[in-house]
There are 2 protein chains.
Amino acid sequence: MFSKACEYAIRSALLVASHSLKGERVSIRDIAEESDSPMAFTAKIMQQLAKGGILYSVQGKHGGFEMSKEQMQTTRLSRIVSLIDGDKVFTGCGLGLKACNALKPCPLHNQFAVVRNELRQMLENTTVLDLTLDLNNGQTFLKR
Amino acid sequence: MFSKACEYAIRSALLVASHSLKGERVSIRDIAEESDSPMAFTAKIMQQLAKGGILYSVQGKHGGFEMSKEQMQTTRLSRIVSLIDGDKVFTGCGLGLKACNALKPCPLHNQFAVVRNELRQMLENTTVLDLTLDLNNGQTFLKR
DNA sequence: CTCTAACAAGACAAATTTGTCCTGTTTGAA
DNA sequence: TTCAAACAGGACAAATTTGTCTTGTTAGAG
Ligand code: FES
Ligand code: FES
């Protein structure tokens with residue numbers, strides 16, 4: 001469904017948000033540990049998230065990553081997904097034709113477009129803050 | 001969403017069904033041409049489909065692939081997808097945890113499980129015959 | 001019987017994704 | 001001022017997916 005990079009991106013973003021809600025800044029080392037992701041690879045992804053304005057990076061000693069309350073509220077998962085994976089998952093043809101085109105549809109188009117749309121809406125309606133609150137309540141988990 | 005191999009598998013299966021409905025057997029060469037897929041790669045996938053009982057292969061001169069009406073009726077897309085891609089797409093965790101587990105869910109579980117389930121149901125409710133009829137009516141297309 | 005068209009199967013190659021490592025820069029603290 | 005902790009960024013490496021090639025087997029047609 002999502003690439004590994006995208007999975008790490010979402011997990012990392014939620015972890016940064018979780019710490020930021022507690023007033024903590026968090027390092028790559030901790031992100032990798034707490035979200036069970038490969039450290040160096042995750043570091044690259046964090047750069048993309050920072051460049052994309054999903055979160056802030058702070059250099060130097062005691063540096064790390066943090067997210068403002070506003071970023072948590074306004075960042076929808078769809079934004080992270082399209083930043084990392086592009087929007088093929090939202091607009092691509094299920095059978096791999098060059099583009100999805102309702103005027104000359106592939107055999108699966110009618111059925112597929114419905115599900116693809118629900119996925120898109122789900123991701124657009126879900127903010128980082130929404131998911132982070134559950135996480136901090138101990139109702140959900142980033143590693144087992 | 002699906003792997004390239006899986007996209008080719010579905011396109012090829014529909015194409016074979018389409019020809020079989022017209023009483024024709026179809027060669028790898030024609031499949032590649034008419035569904036716009038790489039020939040040698042598609043050949044490998046056809047072997048998987050034949051071994052999986054999705055369709056028949058006939059060797060020798062004037063050989064090729066064909067599908068019985070029964071195969072078209074009983075083969076659901078979910079079968080092709082799980083044969084080629086496995087069932088990670090039906091059961092896997094959206095954030096990449098080892099397994100989806102509702103008792104210790106990831107932050108996206110509640111939302112994701114709904115969409116994943118609709119995808120599964122859509123693929124389970126769609127047979128090869130369903131899609132092939134539209135294709136033969138000229139309402140849908142396998143290449144543009 | 002021989003030739004040819006077609007699938008089977010394994011080895012190989014290219015491309016993409018995933019992951020690592022090293023060097024440089026930033027910044028706080030001793 | 002110097003040191004250490006942390007991010008930035010590029011080069012590199014491993015793994016996976018995608019795609020090709022070659023050889024063998026099958027079976028119909030002449
Ligand atoms: S054309 Fe294939 S999903 Fe729209
Ligand atoms: S635990 Fe992640 S989707 Fe179910």
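First the proteins, then the strands, lettered A, B, ... as listed; each starts at 1.
The main-chain N or O of B:R79 is found under 3.5 Å from a side-chain atom of B:S82 such that the two form a donor-acceptor pair.
Centroid-to-centroid, the aromatic rings of B:F65 and B:Y56 stay 6.0 Å apart or farther.
Taking 4.0 angstrom as the limit, B:Q47 places none of its side-chain polar atoms (N or O) nearer than this to OP1 or OP2 of C:dC7. Listed pair A:S27 / D:dC7 fails the phosphate criterion, with no side-chain N or O lying under 4.0 Å from OP1 or OP2. Note on A:Y8: a side-chain N or O is less than 4.0 Å away from OP1 or OP2 of C:dG19.
Considering only side-chain atoms of B:K44, the nucleotide from C:dT20, C:dC7, C:dA9 that sits closest is C:dA9. You'll find that the side chain of B:P38 is closest to D:dT20, out of C:dC7, D:dT20, D:dT18. Distances from the side chain of A:S57 to the nucleotides D:dA8, D:dG28, D:dA4 place D:dA8 closest. The nucleotide whose nearest atom lies closest to any side-chain atom of B:H62 is, among D:dG28, C:dT18, C:dA29, D:dG28.
For the atom pair CG of A:L95 and CZ of B:R11, the computed distance is 7.0 Å after rounding to the nearest 0.5 Å.
Across the protein-nucleic acid pair, B:R11 atom CZ and D:dT18 atom C1' stand 14 Å apart, rounded to whole Å. Straight-line distance from the CG atom of B:L55 to the C1' atom of C:dA6: 15 Å, rounded to whole Å. Between the P atom of D:dT18 and the CG atom of B:D85 lies a distance of 8 Å, rounded to the nearest Å. Atom pair B:I28:CD1 and D:dT26:C1' shows a separation of 15 Å (rounding to whole Å applied). We find that CD1 of B:I84 is positioned 14 Å from P of D:dG19, with the value rounded to whole Å. A straight line from CZ of B:F41 to C1' of C:dA8 spans 16 Å, rounded to a whole angstrom. C:dC7 atom P lies 14 Å from atom NZ of B:K61, rounded to whole Å. At whole-Å resolution of the value, NZ in B:K4 and P in D:dT20 are 13 Å apart.
The local environment of NZ in A:K69 is sparse, with at most 12 non-hydrogen atoms from other residues, nucleotides or ligands closer than 6.0 Å.
Heavy atoms of B:G60 sit under 4.0 angstrom from at least one base atom. Within the nucleic acid shown, A:Y56 has no heavy atom closer than 4.0 Å to any nucleic acid atom.
The residue among A:A40 and A:Q59 whose nearest nucleotide of DNA chain C is located toward the 5' end is A:A40.
Using a 4.5 Å heavy-atom cutoff, the side chains of B:V26 and B:E66 are not in contact.
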